[in-house]
There are 2 protein chains.
Amino acid sequence: MEITRPHPQEGTQSYASHTRVPHGDAGDIVPGHSPAACPAVTEVLSRVGDKWSMQVVMQLGYGSMRFNQLRREIDGISQRMLTRTLRGLERDGLVDRTVTPSVPPRVDYALTPLGQSLRGPVALLGDWAVANREAVAQARSEYDLREDG
Amino acid sequence: MEITRPHPQEGTQSYASHTRVPHGDAGDIVPGHSPAACPAVTEVLSRVGDKWSMQVVMQLGYGSMRFNQLRREIDGISQRMLTRTLRGLERDGLVDRTVTPSVPPRVDYALTPLGQSLRGPVALLGDWAVANREAVAQARSEYDLREDG
DNA sequence: CGGCATCCGAATGGATACTG
DNA sequence: CAGTATCCATTCGGATGCCG
């Protein structure tokens with residue numbers, strides 16, 4: 001069966017679908033629940049935020065890979081966590097697992113279209129992280145100084 | 001006093017700075033470390049991925065808010081976690097905390113410019129989550145059926 | 001109002017050993 | 001090669017109670 005295929009062309013992209021960027025201070029906002037705060041988003045963010053998932057996704061963005069190839073590439077990940085992470089991604093329909101029953105066995109992992117579609121947003125976040133890590137680090141050390149300095 | 005009020009205008013945005021989107025299967029990639037896999041990115045993603053941080057950021061995106069106002073708006077967050085989350089965000093330079101020593105005391109939280117700059121990428125991720133939550137949910141139930149069905 | 005301190009269960013994640 | 005199983009330390013996060 002086919003996974004609902006979103007826009008395969010994701011070049012220039014603007015964020016404006018429904019998460020508007022407002023204006024003044026609070027008080028005129030709808031008290032119900034903003035779309036960015038619903039459980040679905042939280043669930044996705046926890047996937048994105050776990051220690052290894054997005055590193056795996058970004059690696060697989062470069063092409064399909066075998067298990068130990070991923071293991072070597074990702075640096076620091078344990079066998080256990082790579083397995084668990086891949087299972088999670090597979091369960092969520094982001095990664096496709098292909099077993100070739102040979103000796104020794106061969107298992108290839110690749111992004112599904114859904115997984116591919118996640119790369120863009122995550123890459124943006126990665127770019128933000130790279131661009132602002134110094135600012136964050138400085139803010140931290142300043143904060144820590146104010147605390148126990 | 002005034003809370004540092006950042007650039008309200010941050011329009012169209014494309015992700016392409018250095019995290020390129022490649023092509024074929026692996027083998028011709030630089031084995032060093034891709035920019036999306038470095039510790040800085042992991043650290044940011046863990047911030048983004050924790051249970052409440054981004055909900056707070058998105059809420060504060062609508063304007064500065066007081067503590068219990070945030071507490072009521074975010075639904076489900078405990079006092080302890082709101083405090084901890086806000087401290088973390090403040091430490092990272094994403095949130096600004098302003099105390100007005102009145103009785104009863106008044107504390108306002110607002111996004112710093114750095115925090116504002118994070119809203120775009122996170123909103124994109126939120127949009128992805130909203131757009132694809134059904135696909136993920138379906139993939140999950142299918143996966144779970146294959147396991148114990 | 002806006003916290004902090006304490007307790008405790010649950011989840012995360014690393015290390016190691018074993019397996020088809 | 002690609003896992004599974006077990007153990008264990010750390011962290012996360014909710015509940016409760018007290019404070020200025």
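Just so it is clear, the structure is predicted and the values come from calculations on it, not from any experiment. Below, read A as the first sequence line, B as the second, and so on, with proteins coming before strands; counting in each chain starts at 1.
Going from atom CZ of B/Arg106 over to atom C1' of C/dG3 covers 16 Å, rounded to whole Å. If you take CG of B/Leu82 and P of D/dG14, they are 11 Å apart, rounded to a whole angstrom. Between A/Met81 atom CE and D/dG3 atom P the separation is 15 Å, expressed in whole Å. Nucleotide C/dG3 holds its C1' atom 14 Å from the CG atom of B/Leu70, rounded to whole Å. Spacing between atom CZ of A/Arg71 and atom C1' of D/dT4 amounts to 14 Å, rounded to whole angstrom units. The CD-C1' distance, from A/Gln69 to D/dC1, rounds to 12 Å in whole Å. Counting to the nearest Å, the P atom of D/dG13 and the CD1 atom of B/Ile74 are 13 Å from each other. One atom, CZ of B/Arg84, and another, C1' of D/dC12, lie 7 Å apart when rounded to the nearest Å.
Side chain of B/Gln79, nearest nucleotide from D/dA2, D/dG3, C/dG3: C/dG3. Taking the side chain of A/Trp52 as heavy atoms from C-beta on, and the options C/dC1, D/dG3, C/dG14, the nearest nucleotide is C/dG14. Picking from C/dG13, D/dG3, D/dG13 the nucleotide with the shortest atom distance to the side chain of A/Thr83 gives D/dG3. The side chain of B/Arg97 lies closest to C/dG3, out of D/dC1, D/dG14, C/dG3.
Ion pairing between A/Glu43 and B/Lys51 fails under the 4.0 Å rule for side-chain N and carboxylate O. In this structure, B/Asp144 does not pair ionically with B/Arg146, as no charged nitrogen and carboxylate oxygen lie closer than 4.0 Å.
Between the side chain of A/Arg80 and the base of C/dG13 there is at least one donor-acceptor pair of N/O atoms closer than 3.5 Å.
In this structure, A/Gly49 and A/Pro104 both approach DNA chain C, and ranking their closest nucleotides by distance from the 5' end singles out A/Gly49. The residue among B/Leu86 and A/Lys51 whose nearest nucleotide of DNA chain C is located toward the 5' end is B/Leu86. The residue among B/Ile77 and A/Phe67 whose nearest nucleotide of DNA chain D is located toward the 5' end is A/Phe67.
Between A/Tyr109 and D/dG3, a side-chain N or O to OP1/OP2 separation shorter than 4.0 Å is present. Distances shorter than 4.0 Å separate some side-chain N or O of B/Arg66 from OP1 or OP2 on C/dG2. At the phosphate of C/dG2, neither OP1 nor OP2 sits under 4.0 Å from any side-chain N or O atom of B/Arg72.
Exactly one of B/Leu114, B/Val122, B/Val41 qualifies for a side-chain contact (heavy atoms from CB on, under 4.5 Å) with A/Trp128. That residue is B/Leu114.
Criterion: ILVMFWY side-chain heavy atoms under 4.5 Å apart, direct or through other members. Under it, A/Val44 and B/Tyr143 are not part of a common hydrophobic cluster.
The number of heavy atoms from other shown groups lying within 6.0 Å of CD (B/Glu147) is above 12.
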